[in-house]
Every structure is written in structure tokens, then in C-alpha cells.
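For reference, the structure is listed below as C-alpha cells.
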Amino acid sequence: VAFGVSNSSIATFQINQLVFDGTYLLARQGSILLKKIRNDELTKSTIDVRDEVARAYYNVQLSAEAEKILQSNLANLSKNLQEVRALYQEGFLEEQDAQQLEYLVNGISLELENARRMGKVAMDFFRFTTGMPMDSAVQLSQGLEELYLQNASGQLVFEQAFRLEEHIEYKLVENQETGAALQVKRRMWDFAPKVNGFLTHQQSNFDNDAFNMFNYNSFWIPSTVMGLSVSMPLFTSFANKMRLDQARIDLIEVQEAKDQVGQALTLEYEQAKSAYAYASDRLSNEQRNREITKSIRDKTLIKYKEGISSSLEVTQTQNQYLNSETNYLSAMLELLNAKSRLDKVLGNYNKQ
């Protein structure tokens, strides 16, 4: 005996909605933290690029200043060499006096050519650092001394307070601490229940005619069910507890690393401040030495023309003057680099 009908058709519509899950709130906080991490990483990259570009710029201008000094010295010595040769031809000086001066001219000419080559290398490195094509024309607007006056002298960098929380490296490790704290909360929510809501609506049709299901005038039996489902872990072989303990250990490690980074950055600030003070004092000293050696060199050349001074003394005073010029440029570059380092530590590059 057959009961029922030959065909049945069922159409179902279902909606599921999360009602409560603690990890959902943490996921939103995590997305906000991720955005902050990316912004801080971008800021760090920008700071590093600014510092590298500044140092590359200083090296280019250092090479330019060194070339100018050598050109000036070569022009003066070449003029003096012509005068000495004339005196030698007249019989007032010996041949070795002229040869000694010629030796100085040849040495400076060699140093000048090397300075030009180093200047080209410094310019190529500057183009590379700034991302410009190697064959692009570059016109640098500020010289080394102008940069010194603008960026070094007259600025009260020692009065600027060091704020550890403003340093980008400290911000990055703070982000790690926040992420580790969120991971601890994430593992704690593993013990909490999750609640989901659902709504199911169903239409059923029963008929002996298989194609009657497309006849919407036929009777369809409605059925609607709604409710909540709660899921909660009862036993996980202590896996959740072990994950929570590991997350807490990771948080402690990050907090200890944060303290170490804070101490290291504070020490770096003190070192940068001390290096800037030393560079400033050294520049003042080298500037005075340059003036003294130039005066000695000029007086020795006058005495040499008058036959009072020897060619050896001319060589010594000339080399002494060139060394003082080199030391002066080196001290100026050291001060600018120290200023750049101090700006980086103080967070001044973050604000530009």
C-alpha cells in the first residue's frame, strides 16, 4: 500500500549572525594596530632616508670645498714657482729652491685631480641615494659653510628635551608590546563561549505531478525557525592553557626588550649630544688652527723670496697649512653629521 505523494519540493532560506565572540573585538583592535605599525614603519623609512640623503649631500659639498682649497693653493704656489724660477735665472736663488717648490706644485696637482675624482664619486652616490638617474644634472644650492651656519651654529639643540616616546624605534617596540598584549587577551577568550543567532525559513510542496512545483498557485507549506546557538569548549587537553601561558611569556619578553630599547636609546641620545659638543669644540679649534697656519705659510713664503727662509721651511709650512685645511673640513663634516644624528635621536626628522 503506497502512502504519500510521488514528489516533494523544499526551498530553504537561512541567515546566520554572530551575536557574541570576544575575539571579534580583538580583531578590530588588531586591524587598528596593524595600520599604526605600517605608518610607523613608513615613518622610520622616511627618517632613515632623510639621514642618508643629508650625509650624502654633506660629502658632495665636502669634496667641492676640498677641490676649491686645492685649486687656490695650486694657483698661489704656481705663481710663486714662476717668481722663484725668475730669481733662480737671475742667480739670486739656487736650483734646489725652485725644484723644492716645483715638488710642492706637483703634489698639489695630483691631490687636486684625486679630489675631482672623489667629488664625482660623491655626486654619483648622492644621485643613487636620492633615486635620481646617474646621468641627471644636479645643482646643489648650499655650500658646506652655509649648511654649517644654517644647521649647526645658533641652534639650541642642547635645550631640546629628549622624549623617549617620540623616538620611532621606541614606538615600534611599543607596537610589539600592544600586539603581544592582544595575543594574551585572544588566548583568554578561548575559554569563553561563542553565541550565534540563526533564522531559517522553509517552504515545502508535495504533489504527484513533478512539474507542479513550478505552479505557484499550488499550496506550499511554510516553516520558520529562529534561535541561538552557544558553543563552549569543555576540555581541550590543556591546549588552551598552554597557549595562554606561552602568550604571557611572549608579552614578558617584549616588555623586557622594550626596557632595553629605552635604555639603549637614552644612551644613544647622551652619546649623540656628547659627540655634537665635541664636534663643535673641534671645529672652533680647527678654524683657529687654519688661520694660524695660513699666516705662518704666507710669512714663510715672503721670507723665502727674500732669501731669509729655506725651501724646507716652505714645504713644512705648506704641508702644515694643507693639513689644517683638511682638518677644518673634516671637523665641519663631523659637526654636520653629529647634528644630523642628534636630530634623528630627538625625533626632529619625524616632524618635517
Side-chain angles (χ1 to χ4, degrees), residues 29 32-62 126 129-130 142-182 250-287 327-352:
Q29 297 178 28
I32 295 173
L33 175 62
L34 181 61
K35 181 179 179 181
K36 185 176 184 299
I37 290 174
R38 293 294 178 262
N39 290 334
D40 288 343
E41 289 176 348
L42 177 60
T43 301
K44 182 179 184 302
S45 298
T46 303
I47 291 171
D48 292 339
V49 168
R50 286 172 176 167
D51 183 54
E52 291 176 4
V53 170
R55 292 176 182 272
Y57 191 101
Y58 299 155
N59 286 329
V60 173
Q61 294 295 33
L62 175 67
F126 176 75
T129 304
T130 55
Q142 292 179 305
L144 200 62
E145 291 193 2
E146 185 179 354
L147 287 169
Y148 159 68
L149 295 174
Q150 177 180 339
N151 296 317
S153 66
Q155 296 195 13
L156 304 178
V157 290
F158 291 99
E159 295 184 4
Q160 184 175 350
F162 173 65
R163 295 181 176 85
L164 181 62
E165 63 278 2
E166 293 295 326
H167 200 287
I168 189 62
E169 297 288 351
Y170 194 76
K171 289 182 179 181
L172 291 175
V173 76
E174 280 185 327
N175 292 335
Q176 296 179 8
E177 181 186 22
T178 303
L182 287 177
D250 294 341
L251 176 60
I252 293 174
E253 290 179 350
V254 173
Q255 289 173 340
E256 291 179 352
K258 175 186 171 182
D259 292 338
Q260 292 178 354
V261 169
Q263 295 175 7
L265 292 177
T266 303
L267 178 60
E268 183 181 359
Y269 164 70
E270 294 296 335
Q271 291 174 340
K273 187 177 180 180
S274 175
Y276 180 80
Y278 169 76
S280 180
D281 294 339
R282 182 194 171 198
L283 180 60
S284 300
N285 183 66
E286 296 298 343
Q287 187 174 11
N327 293 335
Y328 173 73
L329 293 179
S330 174
M332 188 179 296
L333 179 63
E334 181 181 1
L335 180 62
L336 290 173
N337 286 333
K339 177 63 167 51
S340 179
R341 179 187 178 190
L342 189 57
D343 281 332
K344 185 177 179 181
V345 173
L346 291 172
N348 293 335
Y349 283 155
N350 309 24
K351 305 170 185 177
Q352 298 178 1

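In this chain, residues are counted from 1 in sequence order.
Here the side chains of Glu268 and Arg341 are in contact, with some heavy-atom distance below 4.5 Å. In this structure the side chain of Asp250 reaches within 4.5 angstrom of the side chain of Glu253, judged on heavy atoms. Residues Val173 and Glu169 form no side-chain contact, since every pair of their non-hydrogen atoms from C-beta on lies 4.5 Å or further apart.
For the atom pair NZ of Lys35 and CD1 of Ile32, the computed distance is 9.0 Å after rounding to the nearest 0.5 Å. Expressed to the nearest 0.5 Å, how far OH of Tyr170 lies from CD of Glu165 amounts to 8.0 Å. Arg55 CZ to Leu333 CG: the interatomic distance, rounded to the nearest 0.5 Å, is 9.0 Å. Here the NZ-OG1 distance, from Lys258 to Thr178, works out to 7.5 Å after rounding to the nearest 0.5 Å. The line from CG of Asn59 to CD of Gln61 is 10.5 Å long, rounded to the nearest 0.5 Å. With rounding to the nearest 0.5 angstrom, the CD atom of Gln29 is 5.5 Å from the CG atom of Leu182.
The aromatic rings of Phe162 and Tyr269 sit parallel, their planes meeting at an angle under 30°, below the 60° perpendicular limit.
A side chain to side chain contact (heavy atoms under 4.5 Å, CB included) with Arg50 holds for exactly one of Val53, Thr46, Asp48; it is Thr46.
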Exercise for the section: I would like to know whether Arg282 and Asn285 meet side-chain contact (heavy atoms from CB on, under 4.5 Å); could you show each step before the answer? Expected result: CA-CA 5 Å; Arg282 182 194 171 198; Asn285 183 66; 5.6 Å; no
Practice task
Let me see the working for Lys171 and Glu166 under side-chain contact (heavy atoms from CB on, under 4.5 Å), right down to the final yes or no.
Solution key: CA-CA 7 Å; Lys171 289 182 179 181; Glu166 293 295 326; 4.1 Å; yes
Practice task
For the pair Glu41 and Arg38, evaluate salt bridge (Lys or Arg N to Asp or Glu O under 4.0 Å) and give the outcome as yes or no after the intermediate values.
Solution key: CA-CA 5 Å; Glu41 289 176 348; Arg38 293 294 178 262; 3.3 Å; yes
Practice task
Using the side-chain contact (heavy atoms from CB on, under 4.5 Å) rule, take Thr266 and Gln263 through it: C-alpha gap first, then chi angles, then the decisive distance, then the call.
Solution key: CA-CA 5 Å; Thr266 303; Gln263 295 175 7; 5.7 Å; no
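Looking at every heavy atom in both residues, Lys36 comes nearest to Asn175 through NZ-OD1, 3.1 Å. Residues Ala56 and Thr129 share a closest heavy-atom pair of CB-OG1, 4.1 Å. Here the closest non-hydrogen pair linking Ala272 and Val345 is CB-CG2, 4.3 Å. Closest of all the heavy-atom pairs between Glu286 and Asn327 is OE1-CB, 3.2 Å. Nearest heavy-atom pair across Glu177 and Leu251 is O-CD1, 3.7 Å.
No donor-acceptor pair closer than 3.5 Å links the side chain of Ser274 to the backbone N or O of Glu270. Side-chain atoms of Ser280 do not come within 3.5 Å of backbone N or O of Tyr276 as any donor-acceptor pair.
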